[in-house]
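The next block holds one structure in the form of structure tokens; read it before the comments.
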2 protein chains.
Amino acid sequence: MTSKSIAAELRKRGFKLTPQRRAIIDVINESEEHLTPSDIYSRLQHKYPGIGLVTVYRTLELLESSGLLCEVHIGDTCRSYLTRPGGHHHHLVCRGCGKVVDFTDCELDGLENRLVNETGFEIDRHLLEFMGRCINCRKNKKN
Amino acid sequence: MTSKSIAAELRKRGFKLTPQRRAIIDVINESEEHLTPSDIYSRLQHKYPGIGLVTVYRTLELLESSGLLCEVHIGDTCRSYLTRPGGHHHHLVCRGCGKVVDFTDCELDGLENRLVNETGFEIDRHLLEFMGRCINCRKNKKN
DNA sequence: ATCTTAATTGAAAATGGTTTTCATTTATAA
DNA sequence: TTATAAATGAAAACCATTTTCAATTAAGAT
Ligand SMILES: [Mn+2]
Ligand SMILES: [Mn+2]
Ligand SMILES: [Zn+2]
Ligand SMILES: [Zn+2]
């Protein structure tokens with residue numbers, strides 16, 4: 001998803017397209033990694049000095065509730081990380097360096113159906129993450 | 001796992017068995033639900049008035065790092081909930097009333113192996129949670 | 001039973017991330 | 001242009017969790 005299409009999506013939903021929002025979307029979109037709100041805030045410092053951290057939070061909330069980004073629950077710390085979107089997918093997180101690999105096939109339908117039958121729940125969402133150590137961290141024996 | 005066996009496990013690891021820790025373990029063990037640290041603190045008020053909330057946190061940390069309890073990441077709020085343990089299992093969480101159903105079979109070995117092969121990661125942990133609405137919340141159309 | 005000591009506790013303060021408040025600014029449509 | 005609701009940012013509030021530190025205590029040694 002390009003910055004433009006994200007912006008277009010926001011406008012379609014009746015939100016204003018401010019330069020702050022553009023800058024935030026650009027930063028997220030330019031990054032290959034998952035970023036915390038304050039990561040994003042830092043990276044904005046040259047693109048839009050003076051922007052408020054509040055605005056970052058508000059924009060992330062807006063984008064998230066519009067389904068335009070995804071979040072990661074990293075390890076025990078429970079901080080939510082963010083990245084540019086890409087449809088339904090899941091994460092493989094390195095506890096050494098924090099690297100996040102996305103994968104898309106979760107193959108959970110069978111399990112989900114069984115749970116629905118057994119419990120009477122209606123299931124609308126799931127969270128699946130693997131944690132471990134990436135190939136680099138294994139080689140370097142660091143982290 | 002009984003309060004006694006949890007206590008025994010702590011002692012085996014060289015930790016002191018204080019009345020505060022006993023009280024905390026009992027509260028967790030007596031509850032059928034997943035509890036937040038402050039839930040636990042509240043319930044301790046008659047069993048051990050005067051106990052410090054800090055002690056609750058420290059004891060939870062101790063129990064968690066010893067693998068004696070589990071935690072839930074509920075919905076977006078990202079607060080970690082706790083409960084009595086019971087081996088490797090996962091959660092089905094109702095977004096209406098907060099009810100948590102445990103289930104044990106995650107059938108993720110195939111997926112995990114494939115990810116290991118494709119990415120070179122070493123995987124040691126996973127997080128799997130389903131979210132939806134429980135049978136009661138569906139009937140009542142409340143929540 | 002008493003002593004010793006490292007572990008544990010709890011009050012208070014510090015932290016750190018997130019949200020609220022509110023006066024000011026601004027994007028957008030008329 | 002003008003009108004207006006939406007958005008912004010500084011500051012304060014919030015709230016869960018952690019740190020600090022002096023006092024207490026569990027548990028092994030005597
Ligand atoms: Mn992702
Ligand atoms: Mn559980
Ligand atoms: Zn790594
Ligand atoms: Zn429910």
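Chain naming here is simple, since letters A, B, ... match the order of the sequence lines and numbering starts at 1 in each.
Between A:L63 atom CG and D:dA7 atom P the separation is 12 Å, expressed in whole Å. Rounded to whole angstrom, the span from the CD1 atom of B:I25 across to the P atom of C:dT8 amounts to 12 Å. As a whole-Å value, the separation of A:E61 CD from C:dT18 C1' is 11 Å. As a whole-Å value, the separation of A:L17 CG from D:dA5 P is 21 Å. Here the C1' atom of nucleotide D:dA6 and the NZ atom of A:K16 are 4 Å apart, to the nearest Å. Rounded to whole Å, atom P of C:dG16 lies 16 Å from atom OH of A:Y41. Atom OH of A:Y48 and atom P of D:dT8 are 8 Å apart (whole Å). Following rounding to the nearest Å, B:I24 (CD1) and C:dT9 (P) show an atom-to-atom distance of 7 Å.
Using a 4.0 Å cut-off between a side-chain N of Lys or Arg and a carboxylate O of Asp or Glu, B:R114 and A:E107 qualify as a salt bridge. Ion pairing between A:K99 and A:E32 fails under the 4.0 Å rule for side-chain N and carboxylate O.
At D:dA26, none of the side-chain N or O atoms of B:Q20 fall inside 4.0 Å of OP1 or OP2 (strictly under the cut-off). Applying the 4.0 Å criterion to OP1 and OP2 of C:dA27, one finds that A:T18 has every side-chain N and O outside that range. Between C:dA7 and B:R21, no contact under 4.0 Å exists linking OP1 or OP2 to a side-chain N or O.
For B:T55, the side-chain atoms get nearest to C:dG10 when compared with the rest of C:dG10, D:dT8, C:dA6. Side chain of A:R11, nearest nucleotide from D:dA26, C:dA29, C:dA27: C:dA29.
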Inset, instruction - Classify every nucleotide of nucleotides 11-22 of chain D by which part a protein heavy atom approaches to under 4.0 Å, writing B for the base, S for the sugar-phosphate alone and - for neither, in 5'-to-3' order. - result: -----SSBBB--

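Of the possible donor and acceptor atoms, none in the side chain of A:S66 sits under 3.5 Å from a partner among the backbone N and O of A:L68. Using a distance-only test at 3.5 Å, with no hydrogens or angles considered, no donor-acceptor pair links the side chain of A:S31 to the main chain of A:I28.
For the 3.5 Å distance criterion, the side chains of B:T36 and B:D39 qualify, holding a donor opposite an acceptor.
Annotation: A:H126 is in aromatic contact with A:H88 [ring centroid separation under 6.0 Å].
Among the protein residues, B:R22 comes within range of no part of the nucleic acid, since none of its heavy atoms lies under 4.0 Å from any strand.
A 6.0 Å sphere centred on NZ of B:K4 holds no more than 12 heavy atoms belonging to other residues, nucleotides or ligands.
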